[in-house]
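For reference, positions follow the sequence shown, starting with 1.
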Amino acid sequence: MTKRVNAIVGTAVVVLAAWTWGAGLIWAKKKSALPQVVLNAQTVFVMVDPDAAIPVNDPGGNRTAREDVEKALMEWGRLKPTMTMSQADLVIVVRKGDKQAMNPTVGGQSPNDHPVILQGTDNTMRIGGQQGRNPDAAQNGGPLSPTPGMGGEIGPTEDLFSVYLGRTEDALKRGPLWRYARKDALKSPDVPAVAEFKKAVDEAVKQQQKAAKPQQP
């Protein structure tokens with residue numbers, strides 16, 4: 001365990017620098033028009049960042065955030081959550097932030113497992129299940145066979161919400177189409193990250209309709 005934690009500490013500067021650089025891209029993308037593939041999308045697969053470990057102080061936090069995002073998307077109604085990445089036009093990756101610089105973590109399970117799903121809103125109901133580890137998480141980063149044990153992780157201080165192109169085996173290896181980072185961005189019941197994504201989509205649709213409108217002489 002000591003060696004693992006030391007190795008993580010040794011890369012802290014690089015990791016934190018990467019997140020700081022990424023934050024600049026997040027805010028820049030908020031102001032830019034979304035690509036057409038996002039506007040055409042009808043289905044979405046939501047998953048926890050497969051590289052995120054399970055923190056001891058909040059072991060179910062990322063899994064709850066994923067479920068809250070799925071419910072918020074169902075309430076929105078534009079995108080239908082799916083059980084696998086291969087069925088989804090878009091992939092949304094979520095990761096909760098933490099105030100602590102380093103968090104003790106535990107292995108032995110994946111936050112992307114879906115033993116049983118029973119989600120409902122006022123107008124919709126979603127039921128599903130999965131046996132074993134989610135294959136999409138295994139193919140897109142993270143340990144293939146997590147084993148029990150204690151460790152440590154340096155993670156982001158803000159909640160992360162990233163949108164990727166779906167229907168591809170290496171979805172997460174490509175750059176995100178849209179990203180959002182903010183404290184409590186994944187907090188229920190309002191889930192601000194989904195609200196901001198909806199706002200970005202609505203604005204892009206308005207711009208598209210305005211551009212397509214014939215100019216009056």
Side-chain angles (χ1 to χ4, degrees), residues 19 22-50 52 61-97 111-112 114 117-128 136 140 156-168 171-172 174-213:
W19 273 315
L25 292 181
I26 290 168
W27 295 112
K29 284 183 176 291
K30 275 188 62 183
K31 299 178 182 179
S32 62
L34 292 171
Q36 188 64 38
V37 65
V38 175
L39 305 185
N40 294 340
Q42 298 181 3
T43 54
V44 61
F45 176 68
V46 184
M47 65 186 295
V48 175
D49 184 344
N62 279 319
R63 183 172 296 179
T64 298
R66 181 196 67 205
E67 294 172 354
D68 289 339
V69 167
E70 289 173 334
K71 290 178 183 178
L73 291 170
M74 291 171 65
E75 288 282 357
W76 180 13
R78 185 182 180 92
L79 296 169
K80 179 182 178 181
T82 67
M83 289 293 295
T84 64
M85 189 180 296
S86 60
Q87 297 175 326
D89 299 321
L90 299 177
V91 177
I92 293 178
V93 179
V94 299
R95 181 168 182 165
K96 285 185 64 64
N112 282 301
H114 288 71
I117 292 177
L118 179 59
Q119 294 176 336
T121 66
D122 293 338
N123 303 313
T124 61
M125 179 66 71
R126 179 174 179 240
I127 302 175
D136 293 313
N140 288 277
T157 57
E158 297 178 313
D159 291 352
L160 303 179
F161 179 100
S162 306
V163 181
Y164 295 83
L165 178 66
R167 299 188 184 277
T168 175
L172 306 192
R174 306 184 180 189
L177 303 174
W178 190 87
R179 304 190 78 176
Y180 184 73
R182 201 189 79 179
K183 179 182 178 182
D184 295 330
L186 301 175
K187 187 176 182 179
S188 63
D190 50 341
V191 192
V194 174
E196 287 294 331
F197 183 47
K198 179 180 182 299
K199 188 185 301 183
V201 170
D202 290 344
E203 180 61 30
V205 171
K206 289 180 181 179
Q207 293 177 5
Q208 185 183 64
Q209 292 173 345
K210 184 178 180 179
K213 186 177 180 180

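- Residue pairs meeting the salt bridge (charged side-chain N to carboxylate O under 4.0 Å, His left out) criterion with at least one partner in residues 199-208, sequence neighbours excluded, are Glu196-Lys199, Lys198-Asp202.
- Separation of atoms CZ (Arg167) and CD (Gln87) is listed at 8.0 Å; rounding is to 0.5 Å.
- When all heavy atoms are compared, the tightest approach of Asp49 to Arg95 is OD2-NH1, 3.1 Å.
- At distances below 3.5 Å, not a single donor-acceptor pair connects side-chain atoms of Asp89 with backbone N or O atoms of Gly166.
- The two residues Arg63 and Val48 have their closest heavy-atom pair at N-CG2, 4.2 Å.
- Considering all non-hydrogen atoms of both residues, Arg174 and Thr168 come closest at NH2-OG1, 3.6 Å.
- Between Thr84 and Thr82, the shortest heavy-atom distance links the atoms O-OG1, 2.9 Å.
- Among residues two or more places apart in sequence or in another chain, the salt bridge (Lys or Arg N to Asp or Glu O under 4.0 Å) test is passed with Arg78 by none.
- Note that NZ of Lys183 is 11.0 Å distant from NZ of Lys96, once rounded to the nearest 0.5 Å.
- For residues 36-45, there are no salt bridge (charged side-chain N to carboxylate O under 4.0 Å, His left out) pairs, not counting sequence neighbours.
- Classified by interplanar angle (parallel below 30°, tilted 30° to 60°, perpendicular above 60°), the ring pair Phe161/Trp178 is perpendicular.
- With sequence neighbours excluded, the residues satisfying side-chain contact (heavy atoms from CB on, under 4.5 Å) with Gln209 are Val205.
- Val37 meets the side-chain contact (heavy atoms from CB on, under 4.5 Å) test with Pro35, Leu165, Leu177; sequence neighbours excluded.
- Within the 4.5 Å cutoff, side-chain heavy atoms of Val38 are placed close to those of Phe197.
- A distance of 8.0 Å separates CZ of Phe45 from CD of Glu70, quoted to the nearest 0.5 Å.
- How far CG of Leu160 is from CG of Asn62: 9.5 Å, rounded to the nearest 0.5 Å.
- The side-chain contact (heavy atoms from CB on, under 4.5 Å) test applied to Ala185 returns Asp159, Tyr180, Arg182, Ala193, not counting sequence neighbours.
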Checking side chain to side chain contact (heavy atoms under 4.5 Å, CB included) for the pair Ile92/Leu73: CA distance, chi angles, key distance, verdict?
-> CA-CA 11 Å; Ile92 293 178; Leu73 291 170; 3.9 Å; yes

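- Residue Thr43 comes nearest to Leu79 through the heavy atom pair N-CD2, 4.2 Å, listed as atom of the first residue, atom of the second, then distance.
- Contact annotation: the side chain of Val194 never approaches that of Glu75 to less than 4.5 Å [non-hydrogen atoms, C-beta and beyond].
- With contacts defined as side-chain heavy-atom distances shorter than 4.5 Å, the pair Asp68/Val94 does not qualify.
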